[in-house]
Amino acid sequence: MKSEPSVFSIDDLAKSPKQTTAWDGVRNYQVRNWLRDTIKKGDLAFFYHSSCEVPGIAGVMEVVKEGYPDPTQFDPEDHHYDPGSDSDNPRWYCVDVKFKKKFKRVITIDELRSHKPLAKMQVLQRGNRLSITPVTKAEWDYLLRLG
DNA sequence: GCCAACGTTGGC
DNA sequence: GCCAACGTTGGC
């Protein structure tokens, strides 16, 4: 799951109340479907720092609340406000995530690409524009040993 | 339904 | 700041 650390970093997550935050603001239909239908309580995710000096995986978090309507879509003051979304049939969803651990170092995108077993990770693929992408069990296990 | 224009993402 | 990639929008 990607976030720009200048907006919200893994340290921000660790400092959040209950070390938990709503992963909101997603405005892509494919990712919306995963948030609404696929991602389950107890699922683990990597926290990926994007659009920053050292892009890469910073740590691990856990889904503690399954998909529910993203409140920011109904807030006219919010940057992610969507006037086209109907409260009876919300367009956008979010989940709550909790800090699990921060790696001793960021596992950089270059390092990820340098490991053959990780080369096919969806997040690394050319043209990927999704803010959340699946990780296979093999990739997950391999990566944990790096972090 | 096509597709050009436009906006966003995100590594570099 | 650049630019490739690609999703969205809107005129037709």
Side-chain angles (χ1 to χ4, degrees), chain A residues 1-16 20-39 43-63 65-147:
Chain A
M1 299 172 76
K2 292 184 206 170
S3 179
E4 299 184 23
S6 61
V7 177
F8 190 82
S9 72
I10 194 162
D11 290 330
D12 294 325
L13 179 60
K15 284 183 296 192
S16 295
T20 298
T21 195
W23 203 267
D24 56 20
V26 171
R27 296 295 181 265
N28 170 280
Y29 285 102
Q30 187 173 352
V31 178
R32 185 281 308 270
N33 292 345
W34 288 331
L35 287 168
R36 188 186 56 189
D37 308 327
T38 309
I39 297 174
D43 284 353
L44 299 176
F46 292 122
F47 194 126
Y48 182 94
H49 283 175
S50 66
S51 294
C52 57
E53 200 164 339
V54 188
I57 294 175
V60 177
M61 54 196 176
E62 177 180 350
V63 176
K65 184 176 179 182
E66 285 178 22
Y68 62 96
D70 178 347
T72 65
Q73 71 195 306
F74 302 121
D75 179 1
E77 304 298 312
D78 195 279
H79 178 64
H80 297 289
Y81 177 56
D82 181 355
S85 183
D86 175 359
S87 58
D88 290 332
N89 184 20
R91 186 176 287 171
W92 307 114
Y93 279 70
C94 62
V95 299
D96 286 354
V97 292
K98 180 172 186 174
F99 175 83
K100 288 287 280 187
K101 74 166 170 179
K102 179 183 175 180
F103 292 149
K104 293 187 183 68
R105 62 199 170 85
V106 172
I107 304 173
T108 67
I109 187 170
D110 286 344
E111 183 174 358
L112 294 172
R113 290 203 164 109
S114 74
H115 289 270
K116 242 312 181 27
L118 301 178
K120 290 188 174 166
M121 283 187 75
Q122 200 165 320
V123 71
L124 302 180
Q125 302 313 304
R126 181 182 182 83
N128 171 59
R129 300 174 74 239
L130 303 178
S131 59
I132 300 178
T133 47
V135 179
T136 69
K137 178 80 164 55
E139 289 161 353
W140 181 273
D141 292 343
Y142 188 94
L143 245 157
L144 275 188
R145 293 201 299 274
L146 298 180

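What you see is a predicted model, and the numbers here were worked out from it, not measured in a lab.
Using a 4.0 Å cut-off between charged nitrogen and carboxylate oxygen, A/Asp141 and A/Arg145 do not count as a salt-bridge pair.
Annotation: salt bridge (Lys or Arg N to Asp or Glu O under 4.0 Å) contacts of A/Asp82 (sequence neighbours excluded): A/Arg91. For A/Phe8, there are no ring pair (Phe, Tyr, Trp, His ring centres under 6.0 Å) partners two or more places apart in sequence or in a different chain. Residues satisfying the ring pair (Phe, Tyr, Trp, His ring centres under 6.0 Å) test with A/His80, not counting sequence neighbours, are none. For the side-chain contact (heavy atoms from CB on, under 4.5 Å) test, residues two or more places apart in sequence or in another chain that qualify with A/Gln122 are A/Trp34, A/Leu130, A/Thr133, A/Pro134.
Rounded to whole Å, atom P of B/dG11 lies 11 Å from atom CG of A/Leu112. One interatomic measurement links the two molecules: NE2 of A/His49 to P of B/dG10, which rounds to 14 Å at whole-angstrom precision. In this structure, CD of A/Glu111 is placed 16 Å from P of B/dG11, rounded to the nearest angstrom. One interatomic measurement links the two molecules: CE of A/Met1 to C1' of B/dT9, which rounds to 17 Å at whole-angstrom precision. Computed from coordinates, the A/Arg113 CZ to B/dG10 C1' distance equals 11 Å when rounded to whole Å.
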For nucleotides 1-8 of chain C, 5' to 3', base contacts (B), sugar-phosphate-only contacts (S) and non-contacts (-) with protein non-hydrogen atoms under 4.0 Å give ---SBBSS

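Sequence neighbours left out, the pairs with a member in residues 91-145 of chain A that pass ring pair (Phe, Tyr, Trp, His ring centres under 6.0 Å) are A/Tyr29-A/Trp92, A/Phe46-A/Trp140, A/His115-A/Tyr142.
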